[in-house]
Amino acid sequence: MIDTTINYLKDYVGQEVRLSGWLYNKRSSGKIRFLLVRDGTGLVQCIMAKGEVPDATFELSDSLTQESSLKVTGTVRVEPRSPGGFELGLTNIEIVQIAEPYPITKKEHGVDFLHDLRHLWLRSSRQYAIMKIRNEVIWAIREFFYNRGFVLIDSPILTAAIGEESSSLFETEYFKMGKAYLAQTGQLYIEAACMSLRNVFCFGPTFRAEKSLTRRHLTEFWMVEGEMAYCDAEGSMKIQEEMVSYAAQAILKKCRPELEKLERDITKLETILPPFPRVDYGDAVKILQEHGSSITWGTDLGAEDETILSNMHDRPVFITNYPKRAKAFYMKENPANTETVLCADLLASEGYGEIIGGSQREDNYDKLLARIREEKLPEAAYGWYLDLRKYGSVPHSGFGLGIERTVTWLAGIHHIREAIPFPRMITRLYP
RNA sequence: UCCCCUGUAGCUCAGCGGUAGAGCAGCUGACUGUUAAUCAGCGGGUCGCUGGUUCAAUCCCAGCCGGGGGAGCCA
């Protein structure tokens with residue numbers, strides 16, 4: 001008896017093996033039973049005809065409900081009519097547990113219902129495919145950084161009031177020290193670390209209490225941030241385009257079945273290769289106005305603006321050098337145009353919107369302090385951050401990539417909530 | 001914070017001022033190659049909540065609660 005898993009069936013054609021898994025679906029036709037079994041590595045059709053197995057075994061199959069856990073023994077054979085190309089001619093069934101009637105059926109369901117059952121929804125083949133793609137995207141990015149000598153720096157989740165915008169912080173009591181806030185970014189911390197280790201990154205959950213109820217927002221999402229000492233804005237963009245391309249090519253190589261399951265247009269992924277086009281913000285505004293957008297110089301791009309620019313290219317596009325007043329205090333002023341900053345947002349292709357925000361950081365003490373005061377930020381909380389500009393300040397740049405937005409785009413799915421195992425949104429805290 | 005849509009069987013939905021309907025799922029049966037199998041039969045309901053109009057409200061009106069989509073903002 002060989003115990004194995006579905007992904008290894010190709011090595012056992014003609015042999016008898018035992019699989020352990022769950023019943024995904026069941027069909028019958030007179031004296032024949034088809035059991036569709038999943039085991040976490042794939043899906044296989046198992047078949048049994050009355051008279052070819054003991055009657056007791058045959059009747060056992062009729063007691064199985066959807067998602068019942070079981071072990072099946074049988075002979076592996078090549079069968080094009082079976083999903084995956086192999087099927088198991090059953091000789092025995094061992095029941096682990098008969099499942100209660102399963103709420104998620106083979107028919108359509110609404111999003112509210114599926115969200116309430118997210119713990120079970122994850123078992124469906126579509127969610128399975130998305131989670132596999134997410135996994136490969138994350139590993140590809142970690143591998144990319146590791147191969148280039150970047151050092152992983154884990155930034156704190158609990159912070160004092162520091163980050164982007166005070167209106168969207170989650171707060172909690174912190175002993176006798178007042179309020180603590182869930183991190184919105186690890187950027188300021190890895191800026192400190194890059195002065196020690198040169199090229200660093202952090203990867204962890206971040207929290208935004210924004211009341212954004214759209215298919216592109218989560219209140220808890222995972223972000224990868226890179227920070228590089230002695231690196232300018234252009235150097236940072238080079239790293240970003242290579243990283244994003246590396247992730248796209250990795251899932252092309254490793255997730256073909258999953259992309260097919262999701263009916264992803266593969267040709268749209270194959271063109272994701274460096275270099276990505278760079279469009280200056282000022283030029284973008286002109287282009288958008290020619291296309292009928294009401295955008296004026298000085299404001300951020302709207303969702304429709306992003307789609308227009310994105311659709312003009314077959315790969316992601318950088319929008320560079322935004323107006324200073326539309327961006328965060330820590331971005332370095334552009335010496336060529338002091339109304340703008342040295343920053344770049346990366347818009348994913350196919351209208352999927354922004355996936356990276358990045359910039360060269362302000363490395364001049366006086367200018368940074370002036371910006372903190374201009375924005376009326378709590379100066380005391382930024383004392384240590386200002387220190388970095390006192391002790392061997394150097395030009396440095398960094399960026400943050402939203403994992404779920406990237407997965408949504410690469411997997412070609414519609415809603416960000418499917419790109420994370422247990423989404424946290426304004427209306428979702430359970431399961 | 002703003003705009004729009006929505007709430008009826010376990011699920012997806014239809015419906016109407018006169019006490020409720022389909023498909024799927026479930027259960028029972030038929031069928032030896034099914035692919036969301038098919039076919040026949042059966043059971044299944046506080047029509048989101050509260051109030052109002054009315055002889056009569058699931059239906060019309062108001063408020064509340066829940067859900068979805070979009071905008072803004074961001075990753």
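Chain A is the first sequence line, chain B the second, and so forth, proteins listed ahead of strands; every chain is numbered from 1. Everything quoted here is computed from the prediction, not taken from an experiment.
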Problem set entry | B/G33 base stacked by A/F34 (centroids within less than 5.5 Å, tilt under 30°) | no
Exercise. OP1 or OP2 of B/C74 sitting under 4.0 Å from any side-chain N/O of A/S168?
Worked result: no
For this session: Give a yes/no on whether any side-chain N or O of A/H415 is located under 4.0 angstrom from OP1 or OP2 of B/G69.
Result: yes
Problem set entry | A/S397 side chain vs A/C231 backbone, donor-acceptor pair below 3.5 Å | yes
For this session: Look through every strand shown and name the nucleotide pairing with B/C60 as Watson-Crick or G-U wobble, where both distances are under 3.5 Å.
Result: B/G52
Problem set entry | Carboxylate-amine/guanidinium contact A/E362 A/R371, below 4.0 Å | no
Exercise. Taking CZ from A/R424 and P from B/C74, how many angstroms apart are they, rounded to a whole number?
Worked result: 25 Å
For this session: Any strand is fair game: report the nucleotide pairing with B/U1 by Watson-Crick or G-U wobble, both distances under 3.5 Å, or none.
Result: B/A71
Problem set entry | Inter-nucleotide P distance (B/G44, B/A9), Å rounded | 15 Å
For this session: Give a yes/no on whether any side-chain N or O of A/K50 is located under 4.0 angstrom from OP1 or OP2 of B/U32.
Result: no
For this session: Starting at atom CD of A/Q66, determine the distance to atom P of B/G26, rounded to an integer number of angstrom.
Result: 8 Å
Exercise. For A/D305 and A/S293, does a side-chain donor sit closer than 3.5 Å to a side-chain acceptor?
Worked result: yes
Exercise. Atom CD of A/E225 and atom P of B/A75: how far apart are they, to the nearest Å?
Worked result: 9 Å
Problem set entry | Salt bridge A/E350-A/R264, side-chain N to carboxylate O under 4.0 Å | yes
Exercise. Is the phosphate of B/G70, meaning OP1 or OP2, less than 4.0 Å from a side-chain N or O of A/R215?
Worked result: yes
Exercise. Toward the 5' end of RNA chain B, which comes first, A/P103 or A/K327, by nearest nucleotide?
Worked result: A/P103
Exercise. C1' atom, B/G29 versus B/G43: distance in rounded Å?
Worked result: 15 Å
Exercise. Would you call A/D232 and A/K332 a salt bridge, taking side-chain N to carboxylate O under 4.0 Å as the test?
Worked result: no
For this session: May I ask you to evaluate whether A/R27 reaches the phosphate of B/C31, defined as a side-chain N or O under 4.0 Å from OP1 or OP2?
Result: no
Exercise. What integer distance in Å separates A/H115:NE2 from B/G68:C1'?
Worked result: 10 Å
